[in-house]
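Predicted model only: the values in this text are computed from it and were never measured. Numbering of residues begins at 1 and proceeds along the displayed sequence.
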Amino acid sequence: PNTPALVGAGVFAVCLDDPALSAEQKAFAAALFEPLGQVHVLAEDRFDAFTGLIGSGPAYVFHFMDALVEAGVSVGLPRDQALAMVQALVTGSAKLAQDSGRHLCQLREMVTSPAGTTVVFAAAPAIVAGTTLLARARLLIGIRSRVRLGIRIGIGLRVWVRIRFR
């Protein structure tokens, strides 16, 4: 489900821990994925974490974007304009995060004016179900549960492979 790969912006991980692999083979394996997006070399024991964070990541981002669009519609924006605005917002924010060299907290604080609408929302724990703390907690719980599920699936698959191919 690495759907951003459809537009050349996926995120991939490869494990190149096998000592039998030459430097050329490792480079070739990583290069296979480069046209589809970023390639990260990870140790095998990091793959469940990668899958939990990145494998499900596009769904988290799309869910957040959809919520923003619905919020825009609920306050009177036409759906097509709200969608275009949210798409530009996410694209621009991601570009700023990649290009600025600043920590994400610094970038967030740059748009958080004292007593402004952003800080009022972030500081009010019960305004809506998607407040900052609740959203962060739900995201953390979701990623951790995805990692645990991936580990269970991986264990089951390894057992099946051992039994099947003995």
Side-chain angles (χ1 to χ4, degrees), residues 1-71 83-112 122 129-166:
N2 198 335
T3 54
L6 294 170
V7 294
V11 181
F12 297 88
V14 294
C15 177
L16 304 173
D17 289 348
D18 189 334
L21 290 173
S22 69
E24 290 171 348
Q25 290 170 321
K26 290 178 181 183
F28 176 75
L32 285 174
F33 293 95
E34 286 177 358
L36 301 174
Q38 290 185 8
V39 181
H40 298 268
V41 177
L42 294 179
E44 186 174 357
D45 65 352
R46 303 276 186 199
F47 267 75
D48 290 320
F50 174 83
T51 301
L53 178 64
I54 303 302
S56 301
Y60 303 147
V61 172
F62 298 141
H63 181 75
F64 174 71
M65 291 174 68
D66 187 51
L68 287 175
V69 170
E70 291 303 320
L83 176 61
M85 290 174 185
V86 168
Q87 289 169 336
L89 168 72
V90 172
T91 301
S93 298
K95 183 166 178 44
L96 181 61
Q98 287 179 322
D99 296 350
S100 72
R102 294 177 183 250
H103 191 279
L104 295 174
C105 288
Q106 290 177 302
L107 296 173
R108 178 180 40 81
E109 289 170 359
M110 288 170 59
V111 295
T112 307
T131 62
T132 301
L133 291 177
L134 183 56
R136 283 180 182 238
R138 289 181 64 194
L139 188 59
L140 181 61
I141 290 166
I143 290 170
R144 286 185 175 181
S145 65
R146 177 76 168 89
V147 170
R148 285 192 301 274
L149 176 63
I151 290 169
R152 285 196 309 270
I153 290 170
I155 290 169
L157 181 60
R158 285 189 288 277
V159 169
W160 180 82
V161 167
R162 284 189 199 121
I163 292 169
R164 176 97 168 114
F165 295 103
R166 278 194 172 193

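- A distance of 8.0 Å separates OH in Y60 from CG in L53, rounded to the nearest 0.5 Å.
- The nearest pair of heavy atoms linking A43 to C15 is C-SG, 4.3 Å.
- Taken from CG in L107 to CG in L96, the straight-line distance is 5.0 Å, to the nearest 0.5 Å.
- Closest approach of L16 and K26 over heavy atoms only: O-CE, 3.2 Å.
- F50 CZ: more than 12 foreign heavy atoms inside a 6.0 Å radius.
- Here E70 pairs with R79 under the side chain to side chain donor-acceptor pair (under 3.5 Å) rule; sequence neighbours left out.
- The salt bridge (Lys or Arg N to Asp or Glu O under 4.0 Å) test applied to D99 returns K95, not counting sequence neighbours.
- In terms of the side chain to side chain donor-acceptor pair (under 3.5 Å) criterion, T91 has no residue partners (sequence neighbours excluded).
- Heavy atoms only, all atoms of each residue included: A5 and F12 are closest at CB-CZ, 3.7 Å.
- Looking at every heavy atom in both residues, L104 comes nearest to A97 through CD2-CB, 3.8 Å.
- Distance CG/L42 to OG1/T51: 9.5 Å, rounded to 0.5 Å.
- Heavy-atom minimum distance, F47 versus V14: CZ-C, 3.6 Å.
- For the atom pair CD (Q87) and CG (L68), the distance works out to 11.5 Å, reported to the nearest 0.5 Å.
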task = With side-chain contact (heavy atoms from CB on, under 4.5 Å) as the test, would you mind laying out the steps for V86 and L83 before giving the verdict?
result = CA-CA 5 Å; V86 168; L83 176 61; 5.6 Å; no
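- Heavy-atom contacts from other residues, nucleotides or ligands closer than 6.0 Å to CD of Q106 number more than 12.
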